[in-house]
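Each chain gets a letter, A, B and so on, in the order the sequences are listed, and its residues count up from 1.
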2 protein chains.
Amino acid sequence: MIDHLSAVKIESSTRSYHHGGLRQAVIDEGLRLLDANQKEPDALSLRQIARNVGVSAPAVYHHFPDKQALLKSLADYGMQMLAEQQAEAAKIGGETGFAEMGRTYVRFAIANPGLFRLIFSHMPMRISPSTSALKGSPEWMLRDYIKRTLGPTATAREQFAAVVRVWSLIHGLSMLILDEQVDHQSAEELLDEILEVGGLRLKVRTQT
Amino acid sequence: MIDHLSAVKIESSTRSYHHGGLRQAVIDEGLRLLDANQKEPDALSLRQIARNVGVSAPAVYHHFPDKQALLKSLADYGMQMLAEQQAEAAKIGGETGFAEMGRTYVRFAIANPGLFRLIFSHMPMRISPSTSALKGSPEWMLRDYIKRTLGPTATAREQFAAVVRVWSLIHGLSMLILDEQVDHQSAEELLDEILEVGGLRLKVRTQT
DNA sequence: GACGCATCCTTACACTGATAAGATGATCGA
DNA sequence: TCGATCATCTTATCAGTGTAAGGATGCGTC
């Protein structure tokens, strides 16, 4: 309780006690660490984030019920970011735009490894032949393109199978690259050939 | 230091002080927990394993330099298990055997989620156009089949692209199912259609 | 029979996510 | 302008983690 000590304390705390935008600051720092780490998203430490933001760990709990909720928020942000890039690519339209969506997906994964992993480990979507996507979402754009390509005679099962096939291809390639199963550089160089853009196959077969 | 207490202690410890096959017991218990948990492999606790085996945590360190090494051993076991199943499927031979390898891969992932994740997060293989696989390994079998299918005129780059394309498809489907992006049941029902077995495509195009 | 060494134990440390209870300060009604 | 309210942040604490250091145990070998 010495004067100058408490004075210093008050001075430093007046600047930081009510942080203002803590929630956003935590999310920003989380994204930054996720980007810097390159590692498993679970390795991301809530306390580390709080420390870097200049706040005690329990303060975070006033903005997120628990760590999972924080990660979910980061995943939401990542999903939105991916969706925007996908929408941008889709604007090109037609087969070219469709191919560009595939490239964009894989490149997003390479550019944001931690975030990409987080998205798919924290956002179960459970698409099935009977579920329908939100209009304008990446999934909707994919389904829409495939519906048009397959023609009106295709059943829901056929459409579902085609969607999952295309998605599996680009998602699998992304994961294999991130997990270093496949040489990063070679795969990126041969991206179009792997996805069969310019060949026949990123699009589904037009008819049997 | 009461007599019967120390007696009990000695009695119980004489049975377990030198465990005998601790290393194997740890691996077995690790596999068991991995199977039971269904969760992220990193959630697996070294201390929990030690507890279940009836041994103190640091005892594990006499058999594995650190936790990562333990996980690596589990991954090795998993990889061997997957390879055996793949080899079994390949015995069928021809296009049918090739298709069966794809089904087997996906079904292995569904049956062993934790182990499957562990394999690909702890065993970088870095295949590229210039690397070559160990004869008899799943990768070798895949490359061999594709080489024969594409014919002698195909370049290493073309072969690599075809291998990665097929692998991406089955690996991506596996991951999407495990991460619950795609409805498990629907996907398994439509497995052949997604992989385009019986259609045209699990095999690569025969010619342009 | 004593020594040596692999194997295991206890203890301890620095981290993690999470809870509880108290301090702080902005905001709004009297 | 004062005082109460309430969101926000604090410190203290707990159970759990991976791992390091040093001591106990008991098997195999000279």
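Contact record, F116(B) with M175(B): CE2-SD, 3.9 Å, taken as the closest heavy-atom pair. The two residues H122(B) and D42(B) have their closest heavy-atom pair at CE1-OD1, 4.5 Å. Nearest approach of L190(B) to P129(A), heavy atoms of both residues: CD1-CG, 4.4 Å.
Between H62(B) atom NE2 and dT25(D) atom P the separation is 15 Å, expressed in whole Å. Rounding to whole angstrom units, CG of residue L44(B) and P of dT16(C) are separated by 21 Å. Computed from coordinates, the D42(A) CG to dG17(C) C1' distance equals 12 Å when rounded to whole Å. Nucleotide dT24(C) holds its P atom 18 Å from the CG atom of L22(A), rounded to whole Å. Spacing between atom CZ of R51(B) and atom P of dT10(C) amounts to 14 Å, rounded to whole angstrom units. Atom-to-atom, CG of L71(B) to C1' of dG18(D) comes out at 12 Å; the value is rounded to the nearest Å.
Contact annotation for S56(B): base contact, defined as any heavy-atom pair under 4.0 Å involving a base atom. Among the protein residues, I49(A) comes within range of no part of the nucleic acid, since none of its heavy atoms lies under 4.0 Å from any strand. Across all strands shown, A59(B) has heavy atoms under 4.0 Å from sugar-phosphate atoms exclusively, and none from any base.
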Considering only nitrogen or oxygen atoms on both sides, find all protein atoms under 3.5 Å from nucleotides 19-21 of chain D and state each distance.
unit_1  : atom_1 : unit_2 : atom_2 : d
dT19(D) : OP2    : Y61(B) : OH     : 2.5
dT19(D) : OP2    : K67(B) : N      : 2.9
dT19(D) : O5'    : Y61(B) : OH     : 3.0
dT19(D) : O4     : R47(B) : NH1    : 3.4

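Within the 4.0 Å cut-off from OP1 or OP2 of dC9(D), at least one side-chain nitrogen or oxygen of H63(A) is found. R23(A) has no side-chain polar atom (N or O) that falls below the 4.0 Å cut-off from OP1 or OP2 of dA7(D). Taking 4.0 angstrom as the limit, S45(B) places none of its side-chain polar atoms (N or O) nearer than this to OP1 or OP2 of dG16(D).
Between the CD atom of Q181(A) and the CH2 atom of W167(B) there is a distance of 4.5 Å, given to the nearest 0.5 Å.
The shortest side-chain heavy-atom distance between F160(B) and I127(B) falls under the 4.5 Å cut-off. Proximity of V26(B) to F64(B): side-chain heavy atoms (C-beta onward) are separated by under 4.5 Å at one or more points.
No donor-acceptor distance shorter than 3.5 angstrom exists from the side chain of R126(A) to the backbone of D183(B), with no hydrogens or angles considered.
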